2 protein chains.
Amino acid sequence: MTTSKKSERVPSAKVNGRVERSRYTVLTTAFELLSEGGVASFTVDEVSRRSGVAKTTIYRHWPTREALVIDACSRMIAEQEVPDTGTLEGDVTAILEEIAHLLPTANWSFVLPSIVDTAERNPEFAEIHSRIQRGHAAPLREVLQRAVDRGELSADADMSTIVAALLGPLFYRRWFSREPIDVPFVKAIIKRVLASL
Amino acid sequence: MTTSKKSERVPSAKVNGRVERSRYTVLTTAFELLSEGGVASFTVDEVSRRSGVAKTTIYRHWPTREALVIDACSRMIAEQEVPDTGTLEGDVTAILEEIAHLLPTANWSFVLPSIVDTAERNPEFAEIHSRIQRGHAAPLREVLQRAVDRGELSADADMSTIVAALLGPLFYRRWFSREPIDVPFVKAIIKRVLASL
DNA sequence: TCAATATGATACGATACCGTATCGTAGCGT
DNA sequence: ACGCTACGATACGGTATCGTATCATATTGA
């Protein structure tokens with residue numbers, strides 16, 4: 001199919017081979033660099049040095065430094081799987097304990113403040129930040145919706161408030177008070193929020 | 001008093017006059033610049049341009065760019081007054097509504113992400129961040145302590161968890177979900193947390 | 001008034017980074 | 001095997017910033 005002529009060169013289908021490898025190498029290094037120093041100290045020259053890919057080549061694939069940063073940031077969207085324990089409390093506990101586990105360890109947790117800061121003044125980063133944010137909240141929203149469907153949760157419950165009440169305290173400890181996020185803390189938060197539904 | 005000799009030159013007491021003015025002008029401009037662009041884009045040259053104070057003079061008062069940034073950041077610690085309505089709920093409501101009002105408007109709320117980001121890798125900023133953080137939590141801790149003293153709150157309540165449960169959702173909305181922080185939301189959070197005590 | 005001292009203006013060296021140009025080389029698909 | 005294309009190495013111009021040096025000027029306090 002679509003093998004009509006040999007002169008038919010679909011550029012986007014020809015990207016296989018070296019190009020793919022270069023892009024991958026650069027993006028991986030870029031993400032690593034971001035994790036270490038944040039957006040501010042991110043440098044194309046440093047990506048080139050570390051990855052071994054010539055700066056010329058990098059600029060052949062990304063028109064500008066910012067484009068590369070944005071591309072690397074986009075790789076940061078966490079793919080969380082949604083649990084299904086049968087009860088709202090079980091689901092919420094599974095999700096929050098997973099996040100509590102990731103917050104002190106995952107690479108994205110080191111980059112996120114940088115993105116939040118940049119997003120404060122740069123619409124493109126605000127968009128990325130928004131996507132990341134929705135990614136974090138999505139599993140919670142899903143299990144909450146299921147609870148509504150089961151009749152376990154009132155249909156007029158304000159999801160947005162509940163999500164903020166659940167995620168807020170965890171994020172607060174990670175980036176503001178810098179206190180450890182242990183299981184008792186997570187359970188206490190969950191208990192508080194679910195008790196009030 | 002202490003006017004003993006005219007030859008007595010206490011250097012630190014002689015800083016009056018031009019020095020004071022220069023320092024003040026520079027710090028004010030520096031803070032303004034920080035509010036606009038964050039720590040990353042902060043530049044001594046720009047402070048000089050805007051303030052009209054020669055770069056040479058700036059470097060006479062601060063040994064390095066970072067010293068100036070840190071000094072300017074230190075001006076950011078919010079002095080919040082502690083309410084005393086007689087009830088825990090009243091006090092907490094007053095504090096959180098004040099914060100909810102400040103979060104979208106106050107200068108420090110634009111700089112804080114930058115400090116959080118920098119603090120992630122720089123101990124000096126981690127220290128500043130810690131001070132700012134304690135400043136935010138202090139009023140809450142005080143009214144909670146008063147509630148304990150009145151017997152309104154159990155003495156073995158975990159203050160740290162309560163503070164996180166109260167401030168976390170507000171901060172979450174300001175910097176992560178970027179949703180508005182209106183009075184109903186604040187009241188909902190307070191209700192949830194206080195109901196569980 | 002006068003001397004000490006803080007300031008301003010300017011220039012400078014050093015460094016780092018962005019993004020481009022050039023040209024030779026290596027790998028890929030056919 | 002061969003040609004197209006991506007890649008690497010290198011150099012470059014331009015800009016921005018840090019922090020210092022120098023010297024003239026203004027301000028202050030006695």
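Here the structure is a predicted model, which is why all the values come from computation and not from measurement. Labels below follow one simple rule: chain letters A, B, ... track the order of the sequence lines, proteins then strands, and each chain is numbered from 1.
- The side chain of B:S22 contributes an N or O atom lying less than 4.0 Å from OP1 or OP2 of C:dT7.
- Side chain to side chain, B:T87 and B:E152 fail the donor-acceptor criterion of an N or O pair below 3.5 Å.
- Of the N and O atoms on the side chains of A:R178 and B:S130, not one donor lies less than 3.5 Å from an acceptor on the other residue.
- Considering only residues two or more places apart in sequence or on other chains, A:F176 meets the side-chain contact (heavy atoms from CB on, under 4.5 Å) condition with A:Y172, B:L112, B:V116, B:H129, B:Q133, B:F171, B:W175, B:F176.
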All N/O donor-acceptor pairs, side-chain side in residues 184-197 of chain B, below 3.5 Å, sequence neighbours left out:
| from | atom 1 | to | atom 2 | distance (Å) |
| --- | --- | --- | --- | --- |
| B:R192 | NH1 | A:S196 | OG | 3.1 |
| B:S196 | OG | A:R192 | NH1 | 3.1 |
| B:S196 | OG | B:V193 | O | 2.7 |

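- Under a 4.0 Å N-O distance rule, the pair A:R23/A:E20 does not qualify as a salt bridge.
- In terms of polar N and O atoms assigned as donor or acceptor, the side chain of A:T56 never comes within less than 3.5 Å of the base of C:dT20 in a complementary pairing.
- Salt-bridge formation is not detected for the pair B:E46/B:K55: no Lys NZ or Arg NE/NH1/NH2 atom is positioned less than 4.0 Å from an Asp or Glu carboxylate oxygen.
- The C1' atoms of five pairs define one axis at each end of the helix from C:dT1-D:dA30 to C:dT30-D:dA1, and these two axes lie 40° apart (to 10°).
- Separating the NZ atom of B:K55 from the P atom of D:dG19 is a distance of 9 Å, rounded to the nearest angstrom.
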Show me the donor-acceptor pairs, under 3.5 Å and distance only, between side chains in residues 138-146 of chain B and residues at least two apart or in other chains.
| from | atom 1 | to | atom 2 | distance (Å) |
| --- | --- | --- | --- | --- |
| B:Q145 | NE2 | B:D149 | OD1 | 3.1 |
| B:R146 | NH2 | B:P83 | O | 2.5 |
| B:R146 | NH2 | B:D91 | OD2 | 3.2 |

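- Residues B:P169 and A:P169 meet the side-chain proximity criterion, which asks for heavy atoms closer than 4.5 Å.
- Heavy atoms only, all atoms of each residue included: A:N122 and A:E124 are closest at OD1-N, 2.8 Å.
- Under 4.0 angstrom from either OP1 or OP2 of C:dC28 there lies at least one side-chain N or O belonging to A:R21.
- For A:R50 and A:E32, the salt-bridge test passes: some basic side-chain N is under 4.0 Å from an acidic carboxylate O.
- With hydrogens and angles ignored, no donor-acceptor pair under 3.5 angstrom links the side chain of B:R18 to the base of C:dT7.
- For the segment residues 57-75 of chain B, residues with any heavy atom less than 4.0 angstrom from an atom of DNA chain D are, sorted by number, B:Y59, B:T64, B:R65.
- Counting heavy atoms from C-beta outward, B:F31 and B:D71 have side chains that stay 4.5 Å or more apart.
- Within residues 26-50 of chain B, the residues that place at least one heavy atom under 4.0 Å from DNA chain D are, in residue-number order, B:F42, B:T43, B:V44, B:D45, B:R49.
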